[in-house]
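Reading through the structure tokens given below for one structure.
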Protein chains: 2
Amino acid sequence: MPIALRPSQSLRLLQQFTLSEVRDDAPDLTLRQMAILLTIYLDPPPHTVRGLAARLGVSKPVITRALDTMGALKLVSRHRDQLDKRNVLIRRTVEGALYVERLGDAIIAKAMELPI
Amino acid sequence: MPIALRPSQSLRLLQQFTLSEVRDDAPDLTLRQMAILLTIYLDPPPHTVRGLAARLGVSKPVITRALDTMGALKLVSRHRDQLDKRNVLIRRTVEGALYVERLGDAIIAKAMELPI
DNA sequence: TTTGAATGAAACGGAACCGAAACAATTAGC
DNA sequence: GCTAATTGTTTCGGTTCCGTTTCATTCAAA
């Protein structure tokens with residue numbers, strides 16, 4: 001059975017989620033950064049700058065800069081591909097996995113609280 | 001019956017939603033702007049800068065700047081409260097309602113596509 | 001009426017982000 | 001080997017956002 005949401009439920013869920021993120025002490029990611037992070041953690045590896053840029057429909061510098069920021073936050077890490085040294089492989093980190101897990105928990109909690 | 005989501009479903013839903021927003025031509029709002037916009041459109045009015053700042057747990061300048069940006073996008077409008085001219089009342093707009101409605105539709109569509 | 005509190009906006013310096021273009025490093029094709 | 005293509009990064013000028021502080025306006029209380 002697919003997940004069926006009514007319009008008011010979907011918007012309330014999004015509101016509660018964004019509010020919890022804003023209120024939280026954890027660093028706020030931009031929408032783009034969040035899309036990149038989730039793609040790295042949900043889609044099967046390997047992940048490259050080029051591949052992520054294509055997945056998001058943005059330019060490569062957008063990915064590079066987002067990886068700079070999230071790398072400083074230790075949410076992802078970069079490593080040169082030894083088979084093709086032009087490539088950079090983006091890998092998951094423990095901190096990133098925790099961050100993503102926390103996102104999922106927040107959504108589940110807010111979904112549970114939704115009025116019927 | 002409350003909305004029950006499994007962790008993988010909640011994260012996949014968030015990924016699909018953020019990806020659709022990033023890919024979309026519509027201007028990307030920051031998480032804070034989105035929280036403000038949804039609060040204005042979902043919570044009962046009146047909405048003031050001070051009230052929104054308290055609701056989000058941020059400072060007033062954060063609200064003022066976000067209203068500047070979203071006002072330029074015509075997603076919200078500002079009006080002086082004639083009863084207490086210190087207050088600024090934030091009101092909804094047609095464009096903002098459409099933007100919010102589109103957000104809800106995107107979530108519903110992505111939720112329907114989730115694997116069981 | 002005058003002092004103090006409350007509200008929202010503006011100013012400030014610093015940081016991050018944007019699109020576009022140019023760039024070095026590496027690989028592929030001939 | 002040598003040219004062309006690919007990959008990711010850097011640079012550029014400009015914009016937006018941030019936190020903090022300061023300010024103007026308005027209301028409330030004495």
Side-chain angles (χ1 to χ4, degrees), chain A residues 18-19 21-37 39-40 43 45-91 99, chain B residues 18-19 21-40 45-91 99:
Chain A
T18 56
L19 279 177
E21 284 302 302
V22 170
R23 287 173 171 282
D24 199 301
D25 289 331
D28 284 358
L29 298 186
T30 67
L31 217 56
R32 289 180 172 192
Q33 291 169 346
M34 202 174 285
I36 293 170
L37 187 69
T39 296
I40 293 170
D43 288 3
H47 297 288
T48 64
V49 172
R50 190 181 102 80
L52 291 170
R55 182 94 164 99
L56 273 74
V58 298
S59 66
K60 290 190 296 178
V62 167
I63 305 296
T64 294
R65 282 185 292 244
L67 293 179
D68 288 343
T69 302
M70 292 193 291
L73 295 172
K74 300 193 185 308
L75 299 180
V76 297
S77 66
R78 281 190 271 203
H79 307 270
R80 276 284 163 194
D81 183 353
Q82 289 309 311
L83 277 66
D84 183 342
K85 295 182 180 171
R86 291 173 300 182
N87 290 331
V88 165
L89 303 179
I90 296 103
R91 294 217 290 255
Y99 189 99
Chain B
T18 55
L19 279 177
E21 284 301 302
V22 170
R23 286 175 171 281
D24 199 301
D25 288 331
D28 284 359
L29 298 185
T30 68
L31 217 58
R32 288 180 171 193
Q33 290 168 347
M34 202 173 286
I36 293 170
L37 187 70
L38 289 168
T39 296
I40 293 170
H47 297 288
T48 64
V49 173
R50 194 182 110 77
L52 290 170
R55 182 95 164 97
L56 272 75
V58 298
S59 66
K60 291 191 294 178
V62 167
I63 305 296
T64 294
R65 280 186 295 245
L67 294 179
D68 289 344
T69 302
M70 293 193 289
L73 295 173
K74 300 195 184 305
L75 300 179
V76 297
S77 66
R78 281 191 271 204
H79 307 270
R80 275 286 165 191
D81 184 353
Q82 289 310 311
L83 278 66
D84 183 343
K85 294 184 180 171
R86 290 174 302 184
N87 290 332
V88 164
L89 302 179
I90 296 101
R91 293 216 290 254
Y99 190 99

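Just so we're on the same page: letters track the sequence lines, and every chain starts at 1.
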Rounding to 0.5 Å, atoms CD1 (A:Ile36) and OG1 (A:Thr30) come to a distance of 7.0 Å
* Asked: Taking 4.0 angstrom as the limit, do A:Arg78 and A:Asp68 come out as a salt bridge?
  -> yes
Interatomic distance, [X] [atom1] vs [N] [atom2] [rounded to whole Å]:
X       : N      : atom1 : atom2 : result
A:Asp81 : C:dA25 : CG    : C1'   : 14 Å
B:Asp84 : C:dA5  : CG    : P     : 17 Å
A:Asp68 : D:dT9  : CG    : C1'   : 9 Å
B:Leu83 : D:dT25 : CG    : P     : 21 Å
A:Leu52 : D:dT9  : CG    : P     : 11 Å
B:Leu31 : D:dC18 : CG    : P     : 11 Å
B:Arg86 : D:dA24 : CZ    : P     : 18 Å
A:Leu67 : C:dA16 : CG    : P     : 15 Å

Among the nucleotides [options], which one has an atom lying closest to any side-chain atom of [X]?
X       : options                : result
A:Lys60 : D:dT7, C:dA9, C:dT7    : D:dT7
A:Arg32 : C:dA10, D:dC27, C:dC18 : C:dC18
B:Thr69 : D:dC17, D:dT20, D:dG8  : D:dC17
A:Lys85 : C:dT26, C:dG19, C:dC17 : C:dT26
A:Arg80 : D:dG8, C:dG8, D:dT26   : D:dG8
B:Arg65 : C:dT7, D:dT20, D:dC27  : D:dT20
A:Val62 : D:dC27, C:dA9, C:dG19  : C:dG19

Q.
Do A:Tyr99 and A:Leu73 have side chains that approach each other closer than 4.5 Å (heavy atoms only, starting at C-beta)?
A. no
_Close side-chain approach of A:Val49 and A:Ile90, heavy atoms under 4.5 Å_ = yes
Phosphate-side-chain proximity, [X] and [N], N/O vs OP1/OP2 below 4.0 Å:
X       : N      : result
A:Arg78 : D:dT9  : yes
B:Gln33 : D:dT16 : no
A:Thr64 : D:dG8  : no

Whichever of B:Asn87 and A:Thr30 has the more 5' nearest nucleotide on DNA chain C, that residue is B:Asn87
- Message: Could you check whether any side-chain N or O of A:Arg80 sits under 3.5 Å from a backbone N or O of A:Lys85, counting only pairs where one atom can act as donor and the other as acceptor?
- Response: yes
